[in-house]
Amino acid sequence: MVDLFTKSLSKTTFQKLVQGIGMRKLSELVTHKFLLSILPKISLCVHASEILYPIDDIILSRETMPKNTTTSPMEVEGSGESCETPERINKIACACAVVASIISIIFGYDTGVMSGAMIFIKEDLKINDVQVEVLAGILNICALVGSLAAGRTSDYIGRRYTIVLASIIFLIGAVLMGYGPNYAVLMTGRCTAGVGVGFALMIAPVYSAEISSAKSRGRLTALPELCISLGILLGYVSNYLFGKFTLKLGWRLMLGVAGLPSIVLAFGILKMPESPRWLVMQGRLAEAKKTLLLVSNSKQEAEHRFRDILVAAGINKNCNEDVVKVSNTTRGEGVWKELFLRPTPAVRRILIAAIGIHFFEHATGIEAVVLYSPRIFKKAGIIGKDKLLLATVGVGLTKTVFICVATLFLDKAGRRRLLLTSTGGMIIALTGLGFGLTMAEHSKEKLTWALSFSIVAVYVFVAFFSIGLGPITWVYSTEIFPLKLRAQGSSIGVAVNRLMNATVSMSFISIYKAITIGGAFFMFAGIAVLAWIFFFFFLPETKGRSLEEMEMVFSKTSDASRSRNDTV
C-alpha cells in the first residue's frame, strides 16, 4: 500500500511527507480504509498545492465528521482548488453583498450620467473645456481623500456604519448637484459626492469579501463592479430620457435623482449583519460566530472559517470566550508601519500587486471611453445629441452584460486566466480604435467603414475590460491583504485607482488635442501591453483560497522566485 501511495506522489513531495509526519505514521495512514478510498483525490491535491495542507490534517478533518454526513471532496474553505465541487451561494451572504453593492450603483450612475450631462451643463452655464475637465475629474480627486479616510474609519466604526456614512455623504452631494444654480455650487456638490465615492469603492468590496466564503467570494465581491456598470447604464439612459426636458431642468434632474438610492441604502444596510472578521478584530467572538452561522452553508463550514479568522487575528483558535481583549495592532493601529516601513516579503508583494492592478485599470483608458464616449463617437462621425447619447447607452449595456458574464466565471476560470485574456483583448481593441479614429479624423469625407469600425472597437474594448480587468481589480485587491491590513491596504489601492481615474478624466481632452484622438488610444494600447506583462509576472492565482491563506500564497510565490534565481 505504501508503494501504491508513493508512486502517486513526486519524490520531493514524498520526502516532505516523511519529514513532516514520519514513515511509521505515514504507513498507518495509508492502510486506513478511508484514505484508500480518497487516494486519487489527495494525490491530486498534494501535487497542486505542494503540501500546502498537511495530509494528516486532511485525514483528521474527515475522521472527525459525523458518519452520516455526506461531504464534497473539499467542503471546508481553503482546502485547495483542485478537488472542489461547486458550492451553492448562501442566501444571506448574497443578500448582504447585494445591499452593500447598492452604493456602487449610485457611484456608477454618477459617473455615467455626467458624460451626457456635461453636454447640457456646458451649454447652460457657459463653461469652457478646461472647466468641463475639472468638473469631470474633481470627483476622483475628492474620492482619493475619501478612500484614504475610509480604511481607518471602517476599522473604528465597522463596515456597516461606514456604508451608512458613505450613503449620507452621497445624498448631500446629489442634492447640491441637483440644485446647482452655478458652477461653484455644482463643483461643491461634485466634491462632496467624490468623498462618498472614495468610501464606497473601498468599503463595498471589503464587506462583500469578508461576508462570503472562498468558493463564492469571486462572484459576490464582483457584485460592486457589476453594480457600477449597471449604474453607468442607468446614467446613460437617464441622459437620453431627461435630455428631452428643458435645458435648465434636464441636467439637474439627471444629477439629483442619485440621492434616492442613498436613502434606501442607509436604512437597508442596518438590517444586515456586521462583518465577522471585523467583529473578531474587536474581540467580539460570540457575535462573529453567530454571523458566520448565518452566512455559511453548514455548521462545519462556519466553525472552520471561525478558526481561520481567529488564527489570522492572532487569537488562539481554541478560544471559547464570548469577548476577548485584543491588541491595538489587531484593531488597526500601526498598520501603516507594517505596510510601508517594515513589510514582510509577502506583504510587500501584496502591496505591489494591489497598487499595480489599480494603476493599470484606469491607465489603460476605460475612463476616457466611459466619460467621453459622446466625444469619441462625434469624432468618429456621429452627429446629433440623440444619436450620440443612444450610442453611449450601448457602451453601458455592453459593460453590464459582460460584467455579468465575468461574475459567472470568476470562481471557475480563475482570476489570473481571465485577467490575462481580458488585457490581451483590450490591447487589440485599443489598437483598432486608434486606427479607426485616425482614419476618420484625417479623411476629408465621411468614412462609413471607419465610423462602424470605431464603434465596434469601443464596444469590444469595453467588453474585454468588463470580462476581466474591471471586476477582477476589485476582487483581487480586496482579497489578498491579511486581515489586520485589509481595510487600510484596500484604501491605498482605491486611492491609486481614483488618482489614475482623475488623471485620465482631467487630461484626456488636452491629450487628444495634443496628439490626436487616435494617438491617445494608441498610447493606451501601449500601456495595456505593460499591464499584461505586469499581471503575468506579479499576480499569482487566488481562486479557491480563503482570505486567511493569501499571505501564504504570496510567500510561496516569493520563495519560488528566489529558488529560480538561485538555480540560474
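Because the structure is predicted, anything quoted here is derived from the model rather than measured. Below, each value reflects all heavy atoms present in this structure, side chains not excepted, and no hydrogens, waters or symmetry copies.
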> Between Phe508 and Phe521, is a ring-ring contact (aromatic ring centres under 6.0 Å, His included) present by the stated rule, with each step listed?
Replying inline: CA-CA 10 Å; Phe508 179 68; Phe521 285 101; 5.8 Å; yes
> Would a distance-only check, ignoring hydrogens and angles, find a side-chain to backbone donor-acceptor pair under 3.5 Å from Ser466 to Ala463?
Replying inline: no
> Within the side chain of Ser147, is there an N or O that forms a donor-acceptor pair under 3.5 Å with the backbone of Leu144?
Replying inline: yes
>> Does any part of the side chain of Ser101, heavy atoms only, come nearer than 4.5 Å to the side chain of Leu226, both counted from C-beta?
In response: no
>> How close do Ile350 and Pro482 get, counting heavy atoms only, and between which atoms?
In response: CD1-CD, 4.1 Å
> Distance-only, no hydrogens or angles: does the Trp474 side chain make a donor-acceptor pair with backbone N or O of Ala204 under 3.5 Å?
Replying inline: no
> When rounded to the nearest 0.5 angstrom, what is the spacing between CD in Glu338 and CG in Leu485?
Replying inline: 5.5 Å
>> For a side-chain contact (heavy atoms from CB on, under 4.5 Å) check, start with the C-alpha distance between Leu499 and Asn140, then their side-chain angles and the critical distance, and finish with the verdict.
In response: CA-CA 7 Å; Leu499 181 61; Asn140 294 298; over 6 Å; no
>> Could you measure the distance from the CD1 atom of Ile455 to the OG atom of Ser373? Nearest 0.5 Å is fine.
In response: 11.0 Å
> Closest heavy-atom contact between Ser477 and Ser490?
Replying inline: O-OG, 3.9 Å
>> Determine whether Arg159 and Ile203 satisfy the following criterion, side-chain contact (heavy atoms from CB on, under 4.5 Å), listing intermediate values before the conclusion.
In response: CA-CA 7 Å; Arg159 312 316 193 207; Ile203 195 59; 3.8 Å; yes
>> Can you give me the closest heavy-atom contact between Ile211 and Ser275, atom names plus distance?
In response: CD1-CA, 4.2 Å
>> Keeping Arg498 on the side-chain end and Ala143 on the backbone end, is there a donor-acceptor pair under 3.5 Å?
In response: no
> Can you tell me how far the CG atom of Leu371 sits from the CD atom of Glu133, to the nearest 0.5 Å?
Replying inline: 10.0 Å
>> If you compare all heavy atoms of Thr162 against all heavy atoms of Phe199, which two are closest, and at what distance to 0.1 Å?
In response: CG2-CD2, 3.6 Å
> Between the side chain of Arg415 and the main-chain N/O of Leu410, is any donor-acceptor distance below 3.5 Å?
Replying inline: yes
> Between Phe402 and Val462, does a side-chain contact (heavy atoms from CB on, under 4.5 Å) hold up when you go through it step by step?
Replying inline: CA-CA 9 Å; Phe402 281 90; Val462 171; over 6 Å; no
> Tell me, do Arg305 and Val295 make a side-chain contact under 4.5 Å, heavy atoms counted?
Replying inline: yes
> Do side-chain atoms of Thr111 reach the backbone of Phe107 as a donor and acceptor pair under 3.5 angstrom?
Replying inline: yes
>> Measuring only between side-chain heavy atoms, which start at C-beta, is Leu419 closer than 4.5 Å to Ile357?
In response: yes
> Looking only at atom types and distance, does a side-chain atom of Thr400 sit under 3.5 Å from a main-chain N or O of Ser229, one as donor and one as acceptor?
Replying inline: yes
>> Any heavy-atom pair between the side chains of Phe464 and Ile428 that's under 4.5 Å?
In response: no
> If you measure from CE on Met550 to OG1 on Thr542, what distance do you get to the nearest 0.5 Å?
Replying inline: 4.5 Å
>> Please give me the minimum heavy-atom distance between Ala380 and Ala440, naming the atom from each residue.
In response: O-CB, 4.0 Å
> Is the OH atom of Tyr372 crowded by more than 12 outside heavy atoms at less than 6.0 Å?
Replying inline: yes
>> On a heavy-atom basis, which atom in Gly112 and which in Asn239 lie closest, and how many Å separate them?
In response: O-OD1, 3.4 Å
> Does NZ or CZ of Arg416 fall inside the cone over Phe536's six-membered ring, less than 6.0 Å from its centre and within 45° of the axis?
Replying inline: yes
>> With rounding to the nearest 0.5 angstrom, report the OG1 to CD distance, Thr344 to Glu551.
In response: 5.0 Å
>> Using a 6.0 Å cut-off, check whether atom CZ of Phe522 has over 12 heavy atoms from anything other than its own residue.
In response: yes
>> My understanding is that only residues two or more places apart in sequence, or in another chain, count here; which of them pass side chain to side chain donor-acceptor pair (under 3.5 Å) with Thr473?
In response: none
> Are any of the side-chain heavy atoms of Phe170 and Ile103 separated by less than 4.5 Å?
Replying inline: yes
> Going by heavy atoms in the side chains, are Leu139 and Met114 under 4.5 Å from each other?
Replying inline: no
>> Using side-chain heavy atoms (C-beta onward) and a distance below 4.5 Å, is Arg375 in contact with Tyr512?
In response: yes
> How long is the gap from CD1 on Ile492 to CG on Leu339, to the nearest 0.5 Å?
Replying inline: 4.5 Å
>> Using 30° and 60° as the class boundaries, would you call the ring planes of Phe360 and Phe535 parallel, tilted or perpendicular?
In response: perpendicular
> With distance as the sole test, does Ser491 use its side chain to make a donor-acceptor pair with the main-chain N or O of Gln488 at under 3.5 Å?
Replying inline: yes
> Listed by chain and number, what are the side-chain contact (heavy atoms from CB on, under 4.5 Å) partners of Phe359, not counting sequence neighbours?
Replying inline: Ala363, Val496, Met500
>> Is it true that, when you exclude Arg348 itself, more than 12 heavy atoms of the residues, nucleotides or ligands shown sit nearer than 6.0 Å to its CZ?
In response: yes
>> Are Pro261 and Tyr109 packed together at the side-chain level, in the sense that at least one heavy-atom pair is separated by less than 4.5 angstrom?
In response: no
>> Does Phe534, at its CZ atom, have more than 12 non-hydrogen atoms belonging to other residues, nucleotides or ligands within less than 6.0 Å?
In response: yes
> Yes or no on side-chain contact (heavy atoms from CB on, under 4.5 Å) for Lys543 and Arg417, after CA distance, side-chain angles and deciding distance?
Replying inline: CA-CA 10 Å; Lys543 184 191 82 169; Arg417 185 182 302 172; over 6 Å; no
